[in-house]
Structure formats: structure tokens, C-alpha cells
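Here is the structure we will look at.
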Amino acid sequence: MKMTKTLGCLFALMCVCSAFSQEVIDDFQGGLKAALPWSWQVPGNSPLNTLDESRIQYAQGWLQVTLQSGTLQGNASDRNNIRNLPSLPVRAFAPGWIVETRVRLTLNGITGAYIQAGLVFFTNADNYFNFHLTMDPFDANRLKVSAGHELSGSYQWSGITSTGWNPALGNQVRLQIRQDPQTKLIHFYYDRENGVFWQEATGSPKNPADYPALQAILDQGGSVGLYTDAAGRQAGNMPVAAFDYLELYLPPRPTDLNNDGCVDDIDLIQVLLQFGATGPCLIGDVNGNQSVDDDDLLQMLIDFGKGC
Ligand SMILES: [Ca+2]
Ligand SMILES: [Ca+2]
Ligand SMILES: [Ca+2]
């Protein structure tokens, strides 16, 4: 009897937990998954709608982008003209999130440019963070992973990198960014799929405060998508970036009790209504210690307004 009650409660907790997280995966089978709110728009970019269908193909479950000129880097008059940047909208989310893709970069004989393909988090064309596979023209045109961030149009390298390798030894990686739910630090991983499996990038982990444009997206929501950049290359052979999938695991903030993306008075009142209560499965128990008390209230006040 006792066991049944315990299991019932565990099940209820699991239901609450699963209802309060968002796992999304698109494996690009024949196109973008129609059930997901994909967008090709980037606010502040010209054109606003970045889609150029003549450069997009879907083959064997991969999204293939033939690169073209255009970039988000900086805000000069010849910038903010990226093409073919697909993304999904995301709400404010809590530490514990994971974003991952698998990308293959076919260089087609091109050397001497920072060709990039990977993940991007953005608010608009001048506020974003990206983590990508790139060719480094100052390292014998070898491939490596790297990341950059831009705040109000000012671009900076992130301090995240890896040792380089000859593209002939493999031009495909899995890229993963995740925030540790305990330390709040952001970790950057890559897997060259050469039997070594996941490796942590040089410079990882980082404090989210090091990247204010990314921090703003974590706190207020934004978009997560796939970024490609031909580094100013205009004509001739162009590189091709192929993406196998995009996967997002996005736990909402535990203080967003009704899971509407915003921590506001509707959430706060749940804590106040249950203040002093103890026991399992209390919605106002933000930190899950079976007691609704000042710790829960404090966290609610710290998060108040986030995502709204
Ligand atoms: Ca920009
Ligand atoms: Ca809410
Ligand atoms: Ca509590």
C-alpha cells in the first residue's frame, strides 16, 4: 500500500517534470518538420526573410545549404545580410538546457577564409552567439571549432576553440552546448566522430555573463538556429554545409509555474497561496524540497519578470 502511494506520487512528480520541459528535435527528413515553428526571419537583417530556396536541399535526412555571401558579423553597411538562417523561437529557460547539431562542411577546394557552419542563438542581427565548425586560414586552413558573440553590433571572439585538424581527416562534427544546472557554467563540446567521442572545447566552460547577448536570450527568450557564413566569398566554388538534425532540450525556469514562458504574479501567487505548506507535489515548491517557504519565495522574486 505504502509502495503504491509512493509510486503514485513519483509518477505525479514525473508528470509535472515532463510537462515543464521542452524537448524538440528535427532530423530534416524531407524538409523542416511542419509541426515546429520554423522561421527564416532574422530581425535587423536585410532581407528580413533569409530564405533562398535555390540554395537549400534536403537529402537523406540532411538539410544542405550551399553558402553565399552575407554575414551577421558586425553592423557595417555591407553586413547584416545573412542568407538561409533557419531558427526556432525559444522562451526564457533555466540552466540545464542542451542544444546540439551534427554538421558537415564540404569546402570544395576553398582555402583562406573563415568558412563557418554551426549553431546560433539570436535576438536580432546585432545580438547573437554562435558556436561552429570553421576553417582557420591562419592555421594552414585546418578545421576547428570556435564561437563568437555580438552585442549591439560589436563582434568578439568567445575564447572557445579546439586544436585544428586537416579537413581530409574528417569534415563532420557534432556540436553541443549545455549549461550545467548546478554551476550555471556553459560547456562547449564537439565530437569529430572519429572514435574519441565528445571532447570539451578549449576555453570551456564559461560563465554566461561573459556573453551578454546569450545571457539575454536565456533570460528573455529569442531564437536558436543554424548559421552558415562564407566569410565574404562572393563567387566561384562555394562551400556546402549539411546539417543532420537540430535538437533542443529547454527546461523552463522552475519559477515559471504555469509554463507560459513568463515569471509573473500568476506564478508568485501560487507560492503565496501555499506558503508554509509541506509535502510532495506542491506546485509552489520551486526548489522541490517538499516545503513551500522563503527559499521558494526568494527564487520567485529573483526570477520575477524574466521571459515576460
Ligand atoms: Ca551584426
Ligand atoms: Ca508563468
Ligand atoms: Ca521549497
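FYI, side chains are in, hydrogens and waters are out, and symmetry mates aren't considered; it's all heavy atoms of this structure. Counting starts at 1 for both ligands and their atoms, following the listed order. Along the sequence shown, residues carry numbers from 1.
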- Task: Measure the shortest side-chain to side-chain distance between His187 and Gln179 over non-hydrogen atoms and say whether it is less than 4.5 angstrom.
- Result: no
- Item | Side-chain touch Tyr227/Leu119, heavy atoms, less than 4.5 angstrom | no
- Message: Rounding to 10°, state the angle centred on the Ca ion (ligand 3) that links O in Ser291 with OD2 in Asp296.
- Response: 70°
- Looking from the Ca ion (ligand 3), what is the angle between OD1 on Asn289 and OD1 on Asn287, to the nearest 10°? 80°
- Give a rough value, rounded to 10 degrees, for the angle at the Ca ion (ligand 1) between atoms OD1 of Asn80 and O of Ala125. 80°
- Query: Looking from the Ca ion (ligand 1), what is the angle between OE2 on Glu150 and OD1 on Asp126, to the nearest 10°?
  - Reply: 80°
- Query: Which residue, Thr202, Asp136, Thr163, forms the side-chain hydrogen bond (donor to acceptor under 3.5 Å, both in side chains) with Lys144?
  - Reply: Asp136
- Measure from the Ca ion (ligand 1) to each N, O or S atom of Arg79 and report whether any distance is below 3.0 Å. no
- Query: Within Leu72, is some N, O or S atom less than 3.0 Å away from the Ca ion (ligand 1)?
  - Reply: yes
- Within the stated cut-off of 3.0 Å, is an N/O/S atom of Asn258 closer than that to the Ca ion (ligand 2)? yes
- Query: Centre of Trp97's six-membered ring, under 6.0 Å away, within 45 degrees of the axis: is that where NZ or CZ of Arg178 sits?
  - Reply: no
- Quick one: angle Cys262 O - the Ca ion (ligand 2) - Asp267 OD1, to the nearest 10°? 120°
- Given atoms OD1 of Asp260 and OD1 of Asp256, what angle do they subtend at the Ca ion (ligand 2), to the nearest 10 degrees? 80°
- Centroid-to-centroid, Phe188 to Phe129, below 6.0 Å? yes
- Charged N to carboxylate O below 4.0 Å: is that the case for Arg253 and Asp256? no
- Task: Could you tell me which N, O or S atom of Asp285 is nearest to the Ca ion (ligand 3)?
- Result: OD1
- Any chance you could measure Gln57, atom CD, to Trp62, atom CH2, to the nearest 0.5 Å? 14.5 Å
